[in-house]
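Beneath this line is the structure, given in structure tokens, with notes to follow.
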Amino acid sequence: MEKSEVLTDLDVPGTDRYVMKKLPEATLAFWIMKIAATTLGETAGDLFAQTLKLGYFLSTIALFLIFVVTLAVQLRSKRYNPFFYWTVILSTSTAGTTMSDFMNRDASAKFLTDGATSLGWGPQGLGLGYPIGAAILTSLLTAIFIVWKCTGLTFSIRDIVTFRAEALFWSAILVSNTLGTSMGDFLSDSSGLGYAGGALLVAGVLAVLVALMRVPAVPNVLLFWIAFVLTRPLGATAGDFLTKPLAKGGLDLGTAGSSAVLLAILIGLVGYAQMRERRNTVPREVVLPDVS
């Protein structure tokens, strides 16, 4: 009597889904969660570095190590898990905030308040300034995309199903979130637009990108990555708007209170995404004859 072995289509070589999908679809809910995570990354990064007075140096080291741990969990996961994925997004946003601040700022009175002369232990910052910091990060992000292109792997998030492509994806995410922080801080602090003005400008550019999705000549993959970078300065300016003093054009809600509210929102969204993923993950069974 012949026996049959039951496998899912995810396990069968030659099927369309031989490798399990690890990343989410870029839906409207995805972008809402991305903006919430990047805004929380801004307020949480400032909470560690400024409110808790750990400084940019120590905060960058600690938050980068958290990023490494969360990334290791995500890379070892066998399928898309919303909790793992959005934890890495949040860790890249939080680490990107302090990494950007450490690159661009220093111990001058412009960046320190209440007569303070230092912030935490170690170097106060490299003091490169936003334009130079953004130029370095843009060059680094470009280099990642060039390497990615040379590998022949897809840039489309929905089709990333290999370890190497996912590693390149997360490298680009970390650098893009750091770059986005520099862009957001420049818009808020140096452009004269202020926090609300900077956020409105980025939101307007994102609206243009949405309109360009209907233009066949413009690749959606390109629009996705531009939008992914720009949602970070949107989160940075929105986070500053929530936390900075009224005298500086903010709402003065504080980093702790704003972070707590944003974290609760993000947890609710991730929990909803987790439930949807469990309902939608119903592997199709493929019956293979036993030829032994």
Between the main-chain N or O of Val229 and the side-chain N or O of Ser176, is there a donor-acceptor pair closer than 3.5 Å?
-> no
Cut-off 3.5 Å, side chains only: do Thr38 and Ser93 have a donor facing an acceptor?
-> no
Parallel under 30°, tilted from 30 to 60°, perpendicular over 60°: which one fits the rings of Tyr80 and Tyr85?
-> perpendicular
Closest non-hydrogen atoms of Trp31 and Ala227, given as atom of the first, atom of the second and distance, are CH2-CB, 3.8 Å
Atom of Ser259, atom of Thr43 and distance for their closest heavy-atom approach | OG-OG1, 3.0 Å
Side-chain donor/acceptor of Gln124 to backbone N/O of Gly122, under 3.5 Å | yes
Strictly by modelled atom types, are Thr97 and Arg232 linked by a side-chain donor-acceptor pair under 3.5 Å?
-> yes
Do side-chain atoms of Glu166 reach the backbone of Leu75 as a donor and acceptor pair under 3.5 angstrom?
-> no
Is it true that a side-chain atom of Trp86 and a backbone atom of Lys34 form a donor plus acceptor pair closer than 3.5 Å?
-> no
To the nearest 0.5 Å, atom CG of Leu126 lies from atom OH of Tyr56 at 12.5 Å
Please answer whether the main-chain N or O of Phe228 pairs with a side-chain N or O of Thr231 as donor and acceptor at a distance below 3.5 Å.
-> yes
For the pair Trp148 and Phe169, name the ring-plane relationship: parallel under 30°, tilted 30 to 60°, perpendicular over 60°.
-> perpendicular
Verify side-chain hydrogen bond (donor to acceptor under 3.5 Å, both in side chains) between Thr243 and Ser258, making sure each step is shown before the conclusion.
-> CA-CA 7 Å; Thr243 60; Ser258 298; 5.9 Å; no
Heavy-atom closest pair (Ser171 atom, Ile144 atom, distance to 0.1 Å) is O-CD1, 3.7 Å
Does any non-hydrogen side-chain atom of Asn104 lie less than 4.5 Å from one of Asp185?
-> no
Minimum side-chain heavy-atom gap Phe224-Phe155 below 4.5 Å | no
Pair Thr255-Asp46, side-chain donor/acceptor within less than 3.5 Å = no
Shortest non-hydrogen contact between Thr178 and Gly96, atoms and distance | OG1-CA, 3.4 Å
Polar side chain donor-acceptor pair, Thr92 to Asn177, under 3.5 angstrom = yes
